[in-house]
Protein chains: 2
Amino acid sequence: MKADRSLLNGSAALLVLSLLASEDMYGYQMIAQLEERSDHTFSMKEGTLYPILHNLEKEKAVTSYEKEAPTGRMRKYYHITKGGLRLLEDKKQEWTAFSQAVNAVLAGTAPALA
Amino acid sequence: MKADRSLLNGSAALLVLSLLASEDMYGYQMIAQLEERSDHTFSMKEGTLYPILHNLEKEKAVTSYEKEAPTGRMRKYYHITKGGLRLLEDKKQEWTAFSQAVNAVLAGTAPALA
DNA sequence: GTATTATACCTAGAAACTCGAGGTATGTCA
DNA sequence: TGACATACCTCGAGTTTCTAGGTATAATAC
């Protein structure tokens with residue numbers, strides 16, 4: 001009932017990688033972006049996000065650097081790597097296959113239209 | 001990052017309920033049906049399925065009865081209840097919201113087309 | 001006839017994923 | 001100076017799924 005989770009966590013990691021594909025972001029920002037882009041369907045918790053980021057970094061799917069915010073506070077930005085982009089593509093395809101399969105099963109719920 | 005899982009397990013239970021909405025089935029058959037309907041994307045394991053069925057029965061979303069197969073073997077059939085159908089509708093909507101949200105985030109991956 | 005395979009059910013323990021609840025620290029605003 | 005928002009982090013627990021077993025019967029192969 002799974003794909004291969006060797007490198008990645010569940011759908012949360014897919015979403016994180018997807019965000020980073022458009023621009024470098026820091027953790028707090030990702031949570032806000034996910035909330036916004038998903039129209040408040042997702043609200044990822046910090047306890048979920050940070051371990052995922054650390055894991056992706058360990059897998060070299062992302063790199064990180066610190067940068068001072070206009071306010072003077074330090075932020076830790078994440079940048080997606082080539083490998084991360086490849087991973088993202090894989091995960092996207094997995095997601096597509098998965099969602100199509102679920103939809104196919106759900107469509108079968110009603111008696112076949114044939 | 002979740003909906004409410006008070007009554008149900010994850011997507012596996014949604015799929016099981018969906019199958020039972022079209023006809024009564026026994027465990028082994030459900031595994032085969034899922035494989036077929038999902039075009040081999042899903043292969044639910046018995047260790048996943050049976051606990052889910054027992055749980056759904058405890059929640060009164062399904063009922064079960066034994067019936068002899070043409071071969072003479074006993075099979076345990078499951079039947080979805082009114083409550084199970086309601087649950088299925090809820091879970092379907094949850095799934096729709098979730099998948100749309102994922103797609104929205106993924107669509108944002110590429111720079112906005114605007 | 002007997003051994004293997006397919007059918008059919010089940011469970012316990014481990015692994016994976018996410019969350020809740022906490023902690024630390026800095027900047028802003030009243 | 002006290003409260004709140006920002007920003008990072010971790011530990012332990014809960015949920016979900018899998019692995020790896022177990023039992024038993026019918027069909028098939030030798």
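Per chain, numbering begins at 1; letters A, B, ... match sequence-line order.
Of the candidate nucleotides D:dT10, C:dC9, D:dA7, C:dC9 has the atom lying nearest to any side-chain atom of B:Tyr26. Between C:dC10, D:dC8, D:dT17, one nucleotide has an atom nearer to the side chain of B:Glu46 than all others, and that is C:dC10.
What separates OH of A:Tyr50 from P of C:dT18 is a distance of 17 Å, to the nearest Å. In this structure, the CG atom of A:Leu53 is 13 Å from the P atom of C:dT18, given to the nearest Å. Nucleotide C:dA8 holds its P atom 17 Å from the CE atom of B:Met44, rounded to whole Å. Look at OH on A:Tyr65: it is 12 Å from P on D:dC8, rounded to the nearest Å. At whole-Å resolution of the value, CD in B:Glu66 and P in D:dA24 are 16 Å apart. Remark: C1' of D:dA7 and OH of A:Tyr78 are 11 Å apart, rounded to the nearest angstrom. The interatomic distance linking A:Leu15 (CG) with C:dC17 (P) rounds to 14 Å, in whole Å. Atom CZ in A:Phe42 sits about 13 Å away from atom C1' in C:dT18, given to the nearest Å.
Comparing B:Thr71 and A:Tyr77 by the nucleotide of DNA chain D that holds the closest heavy atom to each, the one mapping nearer the 5' end is A:Tyr77. Nearest-nucleotide mapping onto DNA chain C: of A:Gly72 and A:Leu49, the residue sitting toward the 5' end is A:Leu49.
Tested against B:Tyr78, the residues B:Leu53, B:Val16, B:Leu19 include a single side chain to side chain contact (heavy atoms under 4.5 Å, CB included) partner, B:Leu53.
A salt bridge links A:Glu94 with A:Lys91: the closest approach of a Lys/Arg side-chain nitrogen to an acidic carboxylate oxygen falls below 4.0 angstrom.
Nucleic acid contact for A:Gly47: base, since at least one base atom lies under 4.0 Å from a heavy atom of the residue.
Taking 4.0 angstrom as the limit, B:Thr48 places a side-chain polar atom (N or O) nearer than this to OP1 or OP2 of D:dC18. The side chain of B:Lys45 places no N or O atom within less than 4.0 Å of a non-bridging phosphate oxygen (OP1 or OP2) of D:dA20. The side chain of B:Tyr28 places no N or O atom within less than 4.0 Å of a non-bridging phosphate oxygen (OP1 or OP2) of C:dC9. One finds no side-chain N or O of B:His54 lying less than 4.0 angstrom from the OP1 or OP2 phosphate oxygen of C:dC9.
Side-chain contact between B:Trp95 and A:Asn103: present, with at least one pair of heavy atoms (C-beta onward) separated by less than 4.5 Å. Looking at A:Val62 and A:Leu17, their side chains come closer than 4.5 Å, going by heavy atoms from C-beta outward. In this structure, the side chains of A:Leu34 and A:Met30 stay at 4.5 Å or more apart for every pair of heavy atoms.
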Map every base of DNA chain D to its dot-bracket character, where paired means a Watson-Crick or G-U wobble contact with both distances under 3.5 Å and | marks a partner outside the strand. ||||||||||||||||||||||||||||||
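Stacking of A:Lys76 on the aromatic ring of A:Tyr26 is not recorded, the 6.0 Å distance cut-off and the 45° axial limit not both being met.
No chain of hydrophobic side-chain contacts below 4.5 Å, direct or via other Ile, Leu, Val, Met, Phe, Trp or Tyr residues, connects B:Tyr65 to B:Met74.
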